[in-house]
Number of protein chains: 2
Amino acid sequence: MQGKRMNAEAEAPQVCKACEARHGGVCSTLSVLQLIELNRHSTRRRVGAGDEVIGQGEQISTYSNILNGVVKLSKMMADGRQQIVGLQFAPDFMGRPFLKESSLTAEAATDAEICAFPRAVIDRIVNESPDFEHKLHTQSLKELDEARDWMLTLGRKTAQEKVASFLYLIATHINPMEKFSKSFDLPLSRADIADFLGLTIETVSRQMTKLRKDGVIVIENNRHVTVPDAHRLKDAAGVD
Amino acid sequence: MQGKRMNAEAEAPQVCKACEARHGGVCSTLSVLQLIELNRHSTRRRVGAGDEVIGQGEQISTYSNILNGVVKLSKMMADGRQQIVGLQFAPDFMGRPFLKESSLTAEAATDAEICAFPRAVIDRIVNESPDFEHKLHTQSLKELDEARDWMLTLGRKTAQEKVASFLYLIATHINPMEKFSKSFDLPLSRADIADFLGLTIETVSRQMTKLRKDGVIVIENNRHVTVPDAHRLKDAAGVD
DNA sequence: CGGGGACTTGATAGTTTTCAATTCAAGTGG
DNA sequence: CCACTTGAATTGAAAACTATCAAGTCCCCG
């Protein structure tokens, strides 16, 4: 211990030690040395709800980890119609490896904190470290599974089931510590929920009201939702 | 040359040499030795239209390469509603790495040929060969991009645009040699198209008729489609 | 040539959207 | 502290789109 400075005993950067993304995030596969290297180039950043992290068609210059908050990924058509194609929660990795240009827009849905890395550094680590690519691959596959689940929701469910599916998704993702949160603030506005479900604001509102009147959920202040019975919500969502 | 038999000069298996999947498929990253090893355990198989390759909820015991034909990936709800969440063309790799159970059904849409590998062999090669995992990762990302594009179609496009989008997708994927095929046989029945677009058979039929009457497409014998002007189809699909 | 599945077409019903008005909550400034 | 403004959300009525139900037609195949 006396001043020995072997590489193997180097310490992880202070900010990483306390970082939510290390537990389950992509950084968890990195060696202490890689962590130090990556940390040297990373910038922790706070973004406000509504801020754009990257725009559809822009050059991809950085990737990021989400430390807390919710980020929405969306696509827009030429005439303005919009579809949210994914939500990302801590400790998700954000960015599309191996592509120069982003095919979607990433925008903070809530206030959020992210840890941003220059593209070049990540690309190098991917080449050097198979474990790191494996971790990214695993997350890509998870996102693909989620996207396909959502395709079933978009294509085949009724408005009622769609809204219930959305609430179920949030209840199961908003708090990484819980399997199902019985009470939570919605991270999305009615307009965003509509864009996620392929509905209009009015239809979302009507179906929320119906779920409330049916006793499946309790709503306070428009944004706070309580779910007395997870099974009833799951049934309403049409989930097996 | 005189009878030298060094490993580096071993020959790729005869079947692999002629294999479509080697050109652009995952096998293209393998060394000759790995190819020999993989080939020892692979079985080439012909499946008829409608045959199930793997079922939702089943154990995943094999992965496969598609050599020719089209395979549809679909999800079903408890009450029978169904959604096709992806189409795979040669030389796509089929299977969900790192998961024991399939979350979807893979079924041949047309007669097809596939090259099947036992799960264990692939899993080992993934561990040994970072290039192979990289190739799988790349394909996963491509599928994720396609899934998200389709989410926009499912959530925000009209029936007319959906059908045009489907035809555009087929025209750009049915023949790996062409960027856009002006004439092709539809690999899916009207029922399958409906399940892919989140519509009913009748609506698909009506929109096909409308596109035909508008001169965007020519239909012969129900299954054969000709597209006189790719731009008109693209516009009808609402693609930027 | 007949049977049967796949596809089309028509009429009607149902769901979701659109348009419009209203309520609500939270700030802002007098 | 109370109007007033503003943006978000709810509610209502009418319109539009897609699904459903019900015949037909076409085409492949024996």
Side-chain angles (χ1 to χ4, degrees), chain A residues 48-50 72 77 79-83 109-111 153-167 185-214 217-225 236 238, chain B residues 48-50 72 77 79-83 107 109-111 153-167 170 185-214 217-225 236 238:
Chain A
K72 59 188 198 207
M77 292 173 66
D79 62 5
R81 279 176 286 177
Q82 200 173 10
Q83 175 69 44
T110 64
D111 291 342
T153 299
L154 288 174
R156 287 302 184 202
K157 292 188 184 178
T158 65
Q160 176 80 165
E161 290 170 327
K162 284 183 177 181
V163 171
S165 295
F166 169 74
L167 294 171
D185 275 330
L186 289 175
L188 267 58
S189 66
R190 296 292 187 274
D192 281 342
I193 297 172
D195 279 343
F196 194 25
L197 296 171
L199 298 171
T200 59
I201 298 176
E202 294 92 330
T203 301
V204 171
S205 179
R206 281 183 242 274
Q207 299 305 334
M208 290 277 242
T209 302
K210 184 151 191 312
L211 286 171
R212 179 168 53 69
K213 285 187 176 159
D214 291 349
I217 56 173
V218 178
I219 304 179
E220 290 159 294
N221 296 330
N222 286 340
R223 280 291 185 111
H224 193 81
V225 174
Chain B
K72 60 188 197 204
M77 291 174 67
D79 62 5
R81 279 176 287 177
Q82 198 172 11
Q83 175 69 44
E107 191 180 316
T110 63
D111 290 342
T153 299
L154 289 174
R156 287 301 184 204
K157 292 189 184 176
T158 64
Q160 174 82 167
E161 289 168 328
K162 284 182 177 181
V163 171
S165 296
F166 169 75
L167 294 172
I170 299 304
D185 275 329
L186 289 175
L188 267 58
S189 66
R190 297 292 187 273
D192 282 341
I193 297 172
D195 279 344
F196 194 27
L197 296 171
L199 298 171
T200 59
I201 298 177
E202 294 93 331
T203 300
V204 171
S205 179
R206 279 184 243 275
Q207 300 304 334
M208 291 276 240
T209 302
K210 185 154 191 312
L211 286 171
R212 179 169 53 69
K213 287 187 175 160
D214 291 349
I217 56 173
V218 178
I219 305 180
E220 291 160 294
N221 296 334
N222 286 341
R223 279 291 184 111
H224 193 82
V225 174

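Hydrogens, waters and symmetry mates are skipped; everything else that's a heavy atom, side chains included, is used. Lettering of chains follows the sequences in order, A, B, ..., and the numbering in each one begins at 1.
You can see that DNA chain D meets the heavy atoms of chain B within a 4.0 Å-exclusive cut from dT18(D) to dC28(D), reading 5' to 3'.
With sequence neighbours excluded, the residues that form a side chain to side chain contact (heavy atoms under 4.5 Å, CB included) with Asp79(B) are Met77(B), Arg81(B). Applying the side chain to side chain contact (heavy atoms under 4.5 Å, CB included) rule to Ala49(A) yields the partners Asp111(A); only residues at least two apart in sequence or on another chain are considered.
Among the atoms of the strands shown, only primed sugar atoms or phosphate atoms (P, OP1, OP2) are found under 4.0 Å from some heavy atom of Asn221(B).
Formation of a donor-acceptor pair under 3.5 Å by the Arg212(A) side chain with backbone atoms of Val218(A) is not found in this model. The backbone N or O of Ser205(A) lies less than 3.5 Å from a partner atom in the side chain of Thr209(A), making a donor-acceptor pair.
Only one option out of Thr153(B), Leu197(B), Val204(B) pairs with Phe166(B) in a side-chain contact (heavy atoms from CB on, under 4.5 Å); it is Leu197(B). Results of the side chain to side chain donor-acceptor pair (under 3.5 Å) test with Gln207(A) over Gln160(A), Glu202(A), Glu161(A) single out Gln160(A) as the only residue that passes.
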Encode nucleotides 4-23 of chain C as B, S and - characters from 5' to 3', where the letter depends on protein heavy atoms closer than 4.0 Å: B to the base, S only to sugar-phosphate, - to neither. ---SBBBB----SBBB----

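Taken to the nearest 0.5 Å, the CG atom of Leu199(A) stands 10.5 Å off from the CD1 atom of Ile193(A).
Listed by first and then second residue, the salt bridge (Lys or Arg N to Asp or Glu O under 4.0 Å) pairs involving residues 188-197 of chain B are Arg156(A)-Asp195(B), Lys72(B)-Asp192(B) (not counting sequence neighbours).
Annotation: side chain of Thr110(B) is not in contact with side chain of Leu188(B) (no heavy-atom distance under 4.5 Å). Within the 4.5 Å cutoff, the side chain of Leu186(A) has heavy atoms near those of the Leu167(A) side chain.
Axis angle, first five pairs versus last five pairs of the helix from dC1(C)-dG30(D) to dG30(C)-dC1(D): 30°, rounded to 10°.
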